J.: 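Got a structure here, written out as structure tokens. Questions coming.
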Number of protein chains: 4
Amino acid sequence: MADLTKRQKEIIDASINLIDENGIQNLTIKNLAQAMKISEPAIYRHFDSKLDILIAILDDFNNITGKSLNPAKQKPGSALEKIEYIFTSHMDIFTEKPSLAAVVFSEEIFQNDKKLSDTVYAIMKTRFKIITGIVKQGQTAGEIKSTIPPEQIALILTGSLRLIVTNWRLSGRAFSLKKEGKEFWETMKKLIV
Amino acid sequence: MADLTKRQKEIIDASINLIDENGIQNLTIKNLAQAMKISEPAIYRHFDSKLDILIAILDDFNNITGKSLNPAKQKPGSALEKIEYIFTSHMDIFTEKPSLAAVVFSEEIFQNDKKLSDTVYAIMKTRFKIITGIVKQGQTAGEIKSTIPPEQIALILTGSLRLIVTNWRLSGRAFSLKKEGKEFWETMKKLIV
Amino acid sequence: MADLTKRQKEIIDASINLIDENGIQNLTIKNLAQAMKISEPAIYRHFDSKLDILIAILDDFNNITGKSLNPAKQKPGSALEKIEYIFTSHMDIFTEKPSLAAVVFSEEIFQNDKKLSDTVYAIMKTRFKIITGIVKQGQTAGEIKSTIPPEQIALILTGSLRLIVTNWRLSGRAFSLKKEGKEFWETMKKLIV
Amino acid sequence: MADLTKRQKEIIDASINLIDENGIQNLTIKNLAQAMKISEPAIYRHFDSKLDILIAILDDFNNITGKSLNPAKQKPGSALEKIEYIFTSHMDIFTEKPSLAAVVFSEEIFQNDKKLSDTVYAIMKTRFKIITGIVKQGQTAGEIKSTIPPEQIALILTGSLRLIVTNWRLSGRAFSLKKEGKEFWETMKKLIV
DNA sequence: GATGAATGAGGGTTCATTCAT
DNA sequence: AATGAATGAACCCTCATTCAT
């Protein structure tokens with residue numbers, strides 16, 4: 001997972017940027033080589049195939065956001081604080097590395113290949129469960145309304161986050177992602193507390 | 001818009017199916033021709049280019065869902081009823097023609113071409129405004145909590161609807177979209193009323 | 001030859017125009033049909049094949065310019081007058097129907113097909129002989145210097161005429177073909193008399 | 001210009017041969033690949049597009065004949081000698097590489113593309129001016145009749161050269177280009193001195 | 001006379017990948 | 001570790017032509 005060479009990291013970075021620029025169709029070995037100013041076969045020194053690059057991208061995303069998800073679950077603190085932390089850290093990550101959003105919220109990209117689409121779906125499910133779990137904790141602790149199924153709250157949280165990020169991307173990053181995220185979270189709190 | 005010939009309709013139907021099966025990369029003229037059991041050049045009798053086919057798909061979607069959106073705005077009735085109608089009719093459309101979802105909620109598909117991606121973004125914005133408008137009506141009428149910005153509610157509605165449909169697709173339609181949609185809407189009502 | 005129907009004449013006219021606009025590659029049945037506002041199969045009502053259209057174009061040119069060439073040979077009058085007549089009538093024809101030049105002085109066009117290229121070469125040779133014959137008459141009559149081989153004079157006349165017309169076309173008809181032709185002829189007279 | 005790789009030179013050579021054989025329509029990537037016994041995509045390692053190949057052909061011709069044109073202008077010696085040199089060296093070039101003639105004197109070939117046709121026209125104009133300049137020098141030096149406009153002489157020279165070469169090609173190289181050229185030049189001298 | 005629909009052959013071009021150097 | 005050269009498969013699209021209506 002994390003045992004990527006420096007060159008491999010550069011390749012997945014360049015790949016994400018290419019996808020961000022013009023979609024998955026823009027990620028070709030030729031473009032990648034040009035962007036990195038190396039030859040095309042050179043890519044194959046570092047990855048066996050294009051598929052492996054895509055898998056590495058997903059792994060990379062998992063590593064980055066995992067840091068905000070997993071600890072959040074165990075760390076002491078109120079459920080609301082945990083959710084807020086997940087929320088804001090995602091916004092931070094995307095703000096810092098906007099191209100990541102293009103890749104991660106576009107399941108379409110990976111639909112091509114069974115292995116990839118399964119991976120994506122698995123990631124989504126894991127995340128969903130973690131958030132649902134935190135919501136449950138919050139309900140048990142009396143922080144969050146108990147009349148609402150926790151899955152529904154997780155659904156709203158995840159779906160809205162995705163849409164905000166998507167809008168942000170499609171608008172050409174015309175607004176502050178962090179601010180918009182914060183506003184939404186304030187609204188959410190009003191609704192679920 | 002609606003002045004499509006019978007053959008053109010068949011082509012966009014076949015296109016949507018291909019995209020649904022294996023993503024946009026599966027929509028090639030060759031596959032399309034094979035699916036329709038005609039030759040590749042025959043496609044070009046009916047559409048000038050592949051791009052035109054994609055545009056026709058978007059128009060088609062707009063026509064189908066427009067019927068549920070626009071009347072909903074003007075028709076008398078409570079805002080909640082209107083939103084519910086939009087919600088359920090979308091679920092009905094996707095249940096009936098699941099492949100449509102693959103196309104419509106995958107902005108990525110159209111990212112390739114400036115003209116297309118602009119079209120998609122415009123559609124999204126229009127829809128968002130219509131829903132926001134209905135929510136406002138509901139707030140004025142005292143049906144919906146006034147303490148929450150209407151845009152935020154529209155965001156939640158749209159984002160959640162998208163995610164439900166996406167999950168449904170990625171799960172291989174493992175659950176009832178209509179039922180899941182209904183449950184979500186019941187939850188929403190509890191939150192916003 | 002001359003037994004072309006009205007529709008056939010329209011087709012070869014439209015063909016010449018298309019070639020003139022963008023070269024022989026612009027002469028496609030599709031473009032032809034569009035230009036004439038009829039369907040593609042309709043063309044085949046009037047000509048068996050595209051090749052037949054090209055042959056008809058050559059015949060047409062032969063008919064038009066033959067009128068100036070053949071009589072010129074037999075008509076009484078000085079050789080210089082005859083040549084001048086041929087010269088000016090060609091300039092008149094091209095000025096009136098500029099697209100004809102694009103077709104007739106581009107042997108390349110017909111290189112594709114043995115039958116066509118032979119036809120073109122035969123036409124060129126016939127013309128050359130006629131002019132050479134007139135020059136000979138002029139030399140016998142003492143109008144033209146006898147020290148110069150008549151073929152060389154015919155070569156100069158034909159070659160220069162072609163180049164003037166070609167320049168005129170490539171320049172976007174930026175100068176008066178008639179005037180330029182007249183000037184050249186005046187120069188020629190000084191040289192050969 | 002001259003920084004063509006060995007493989008690139010082979011490609012433009014093969015291209016010129018194909019055009020010579022059966023006209024521009026014979027120059028397809030498929031034919032080119034077959035002639036060179038490599039695959040079609042292999043061509044694209046060396047040229048970005050077919051258009052670039054055509055441009056390289058023109059450049060190549062310019063380089064080859066430029067050697068005879070430019071020095072001729074500055075080198076000391078009588079104007080007649082200079083013109084004769086240009087004339088004979090062109091005949092030599094075409095005799096050695098007959099296919100070049102098919103390409104260079106067929107403006108039609110390049111009519112397809114604005115960029116190409118402009119290039120061809122520019123080349124023609126430059127050549128014409130150089131020859132006109134030399135003629136002027138000859139008139140000033142008293143070698144050439146001063147009563148005739150220098151442009152007209154340049155026109156005759158260029159037009160006749162073109163026609164001789166064209167006839168030679170269309171006849172299937174049935175006569176000696178060098179000899180025919182020499183004869184014509186002898187005639188010209190008689191006329192303009 | 002004319003048309004809508006269709007097609008086999010072929011056009012230029014891009015793809016991920018391999019291999020000798 | 002990197003490259004130049006190459007390739008089979010596939011891409012979108014256009015061609016002249018045919019045929020049923």
Side-chain angles (χ1 to χ4, degrees), chain A residues 5-8 24-33 36-54 112, chain B residues 5-8 10-11 25-34 36-54 112, chain C residues 5-8 25-33 36-54 112, chain D residues 5-8 10-11 24-34 36-54 112:
Chain A
T5 66
K6 191 186 152 203
R7 208 61 166 148
Q8 282 179 318
I24 188 69
Q25 316 228 29
N26 197 37
L27 176 60
T28 67
I29 300 294
K30 191 182 190 179
N31 288 350
L32 197 47
M36 301 190 64
K37 293 182 182 173
I38 57 174
S39 73
E40 297 175 46
I43 307 281
Y44 288 88
R45 280 275 143 197
H46 307 283
F47 285 100
D48 279 349
S49 72
K50 190 178 162 182
L51 184 64
D52 287 335
I53 296 177
L54 287 169
N112 236 12
Chain B
T5 66
K6 190 185 150 205
R7 205 64 166 145
Q8 282 178 319
E10 287 170 17
I11 290 176
Q25 315 228 30
N26 197 38
L27 176 61
T28 67
I29 299 295
K30 191 181 217 163
N31 288 350
L32 197 47
Q34 264 166 10
M36 300 193 65
K37 293 183 183 174
I38 56 175
S39 71
E40 296 178 44
I43 307 283
Y44 289 89
R45 278 279 143 198
H46 306 282
F47 285 100
D48 279 349
S49 71
K50 190 180 161 180
L51 183 65
D52 286 337
I53 296 177
L54 259 353
N112 234 11
Chain C
T5 66
K6 190 184 151 201
R7 209 60 165 149
Q8 282 179 319
Q25 315 227 29
N26 196 37
L27 176 60
T28 68
I29 300 293
K30 191 181 189 181
N31 287 350
L32 198 47
M36 301 190 64
K37 292 180 183 174
I38 57 176
S39 73
E40 297 175 45
I43 307 281
Y44 288 88
R45 279 274 145 199
H46 305 283
F47 285 100
D48 279 350
S49 73
K50 191 179 162 181
L51 184 64
D52 287 335
I53 297 177
L54 286 169
N112 235 13
Chain D
T5 66
K6 191 184 148 202
R7 207 61 165 147
Q8 282 179 317
E10 287 170 17
I11 290 176
I24 189 70
Q25 314 227 30
N26 196 38
L27 176 61
T28 67
I29 299 294
K30 193 181 217 164
N31 289 349
L32 198 46
Q34 266 167 8
M36 300 193 64
K37 294 184 180 170
I38 56 175
S39 71
E40 297 178 43
I43 307 283
Y44 288 88
R45 277 277 145 198
H46 305 283
F47 285 100
D48 278 350
S49 71
K50 190 179 164 182
L51 183 66
D52 286 337
I53 296 177
L54 259 353
N112 235 13

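Quick note on labels: first sequence line is chain A, next is B, and so on, each numbered from 1. These numbers were taken from a predicted model, which means no experiment stands behind them.
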J.: Nearest to the side chain of B/Arg7, which nucleotide is it out of E/dT3, F/dA6, E/dA6?
T.: E/dA6
J.: Specify the separation, in whole Å, of atom CD of C/Gln8 and atom C1' of E/dG1.
T.: 13 Å
J.: Using whole Å, report how far CD1 of D/Ile53 lies from P of E/dG12.
T.: 9 Å
J.: E/dG10 C1' sits how many Å from D/Asn26 CG, rounded?
T.: 13 Å
J.: Assess whether side chain to side chain contact (heavy atoms under 4.5 Å, CB included) is satisfied between D/Ile38 and D/Leu32, documenting all intermediate values.
T.: CA-CA 9 Å; D/Ile38 56 175; D/Leu32 198 46; over 6 Å; no
J.: Which stems, defined as runs of 3 or more consecutive Watson-Crick or G-U wobble pairs with both pairing distances under 3.5 Å, involve DNA chain E?
T.: E:2-21 with F:2-21
J.: Taking salt bridge (Lys or Arg N to Asp or Glu O under 4.0 Å) as the definition, give me every residue that meets it alongside D/Arg45, ordered by chain and number, with sequence neighbours left out.
T.: A/Glu40
J.: Would you kindly give the CE-to-C1' distance between A/Met36 and F/dA1, to the nearest whole Å?
T.: 13 Å
J.: Starting at atom CD1 of B/Ile11, determine the distance to atom C1' of E/dA6, rounded to an integer number of angstrom.
T.: 12 Å
J.: Just how far, in rounded Å, is P of E/dG4 from NZ of B/Lys6?
T.: 16 Å
J.: Locate the shortest heavy-atom distance separating D/Lys50 from D/Thr28; write the atom from each residue and the value.
T.: NZ-CA, 4.5 Å
J.: According to side-chain contact (heavy atoms from CB on, under 4.5 Å), who are the partners of B/Glu10, at least two apart in sequence or on a separate chain?
T.: B/Lys6, B/Arg7, B/Met36
J.: How far does the P atom of F/dT21 sit from the matching atom of E/dG1, given to the nearest Å?
T.: 22 Å
J.: Under 4.0 Å from OP1 or OP2 of F/dA1: is there any side-chain N or O of A/His46 that close?
T.: no
J.: Does A/Asn26 have any side-chain hydrogen bond (donor to acceptor under 3.5 Å, both in side chains) partners at least two apart in sequence or in another chain, and if so, which?
T.: A/Asn31
J.: Reading nucleotides 16-21 of chain E from the 5' end, what letters show protein touch, with B for base, S for backbone sugar-phosphate only, - for no heavy atom under 4.0 Å?
T.: SBBB--
J.: Nearest heavy-atom pair of A/Ile29 and A/Tyr44: which atoms, and what distance?
T.: CG1-OH, 3.6 Å
J.: Figure out the CG/P separation between C/Leu32 and F/dT14, and round it to whole Å.
T.: 17 Å
J.: Measure CD1/D/Ile43 against P/F/dA6 and give the value in whole Å, please.
T.: 9 Å
J.: Would you sort out whether A/Ile43 and A/Ile53 count as a side chain to side chain contact (heavy atoms under 4.5 Å, CB included), showing the intermediate values?
T.: CA-CA 10 Å; A/Ile43 307 281; A/Ile53 296 177; 4.0 Å; yes
J.: Give one of base, sugar-phosphate or nothing for A/Ile38, where a contact means two heavy atoms less than 4.0 Å apart.
T.: sugar-phosphate
